[in-house]
Amino acid sequence: MKAIRIHAYGGVENLHYDDVLRPEPQAGQVLVRVHAAGVNPFAKRRLCLIDWKIREGYFKQMLDLPLPVIIGEDIAGVVAAVGSGVTTLYPGQDVYGIADLQLSGAYAEYALGYAEAIAPKPHGKLVLQVPH
């Protein structure tokens, strides 16, 4: 599969479009065929992990990611496979959620996440109303 990985911490010149092996889900994990991946320029969630800060190495002591690594967390796509013990999701299901950086980041054709961090896409149309 194709993936964007960082081989060394630093600027955008360290992003590489690589051929890598497709990961296989283990117990409790879900393999998602990625249709969309979020690129996060702003603070988010618990650790305020910002993709460019991960790329530049600001979190390398905290995260201890082995290089080269696929970064990115936010994904939307279709379940390709599930590991043992996963009963809430099934292959072919439209989903969104969070890829686990320790397993496989989002900037790839396929990403791994834990079942509790992946949710079924809601059915029907979603309407977002923005106040004026």
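Since the structure is predicted, the reported quantities are computational estimates derived from the model, not experimental observations.
If you chain together hydrophobic residues whose side chains sit under 4.5 Å apart, Tyr114 and Leu63 fall into the same group. With hydrophobic clusters built from ILVMFWY side chains whose heavy atoms lie under 4.5 angstrom apart, Leu103 does not share a cluster with Val30. One hydrophobic cluster, built from ILVMFWY side chains closer than 4.5 Å, holds both Leu101 and Ile70. Linking ILVMFWY residues whenever their side-chain heavy atoms come closer than 4.5 Å, directly or via other members, leaves Leu21 and Leu112 in distinct clusters. Ile6 and Ile4 fall within the same hydrophobic cluster, defined by Ile, Leu, Val, Met, Phe, Trp and Tyr side-chain heavy atoms under 4.5 Å apart, directly or through other members.
When all heavy atoms are compared, the tightest approach of Ala99 to Gly105 is CB-C, 4.1 Å. Ala3 and Val20 get closest at one heavy-atom pair: CB-CG2, 3.9 Å. Residue Glu109 comes nearest to Met1 through the heavy atom pair OE1-CA, 3.1 Å, listed as atom of the first residue, atom of the second, then distance.
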| task | Please test Asp94 against His35 for side chain to side chain donor-acceptor pair (under 3.5 Å), starting from the C-alpha separation and ending with a verdict. | result | CA-CA 10 Å; Asp94 290 328; His35 290 183; 5.6 Å; no
| From CA spacing to verdict: side chain to side chain contact (heavy atoms under 4.5 Å, CB included), Arg33, Tyr110 | CA-CA 5 Å; Arg33 169 78 163 112; Tyr110 292 87; 3.3 Å; yes
| request: Report the C-alpha distance between Leu31 and Arg22 in whole Å, list the side-chain angles of each, state the deciding distance to 0.1 Å, and finish with yes or no for side chain to side chain contact (heavy atoms under 4.5 Å, CB included). | output: CA-CA 9 Å; Leu31 180 67; Arg22 186 177 101 169; 3.7 Å; yes
| Given Val78 and Gln93, is the side chain to side chain contact (heavy atoms under 4.5 Å, CB included) satisfied, shown in steps? | CA-CA 5 Å; Val78 175; Gln93 187 175 26; over 6 Å; no
| task | Apply side chain to side chain contact (heavy atoms under 4.5 Å, CB included) to His7 and Asn14, showing your working. | result | CA-CA 6 Å; His7 291 254; Asn14 290 317; 6.0 Å; no
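Going from atom CD1 of Ile75 over to atom OG of Ser104 covers 8.5 Å, rounded to the nearest 0.5 Å.
Within the 4.5 Å cutoff, the side chain of Leu65 has heavy atoms near those of the Ile54 side chain. Using a 4.5 Å heavy-atom threshold, the side chains of Gln26 and Ser84 count as separate. The side-chain heavy atoms of Val82 and Thr87, taken from C-beta on, include no pair separated by under 4.5 Å. Counting only heavy atoms from C-beta outward, the side chains of Leu89 and Val95 approach each other to under 4.5 Å. Proximity of Tyr96 to Pro122: side-chain heavy atoms (C-beta onward) are separated by under 4.5 Å at one or more points. Looking at heavy atoms from C-beta onward, Leu15 lies out of side-chain contact with Tyr107 at the 4.5 angstrom threshold.
The existence of a salt bridge linking Asp19 and Lys2 is confirmed by a sub-4.0 Å separation between a basic side-chain nitrogen and an acidic carboxylate oxygen.
Checking side-chain atoms of Arg5 against main-chain N and O of Tyr17 turns up no donor-acceptor pair under 3.5 Å. Without hydrogens or angle criteria, Asp100 side chain to Gln102 main chain gives a donor-acceptor distance under 3.5 Å.
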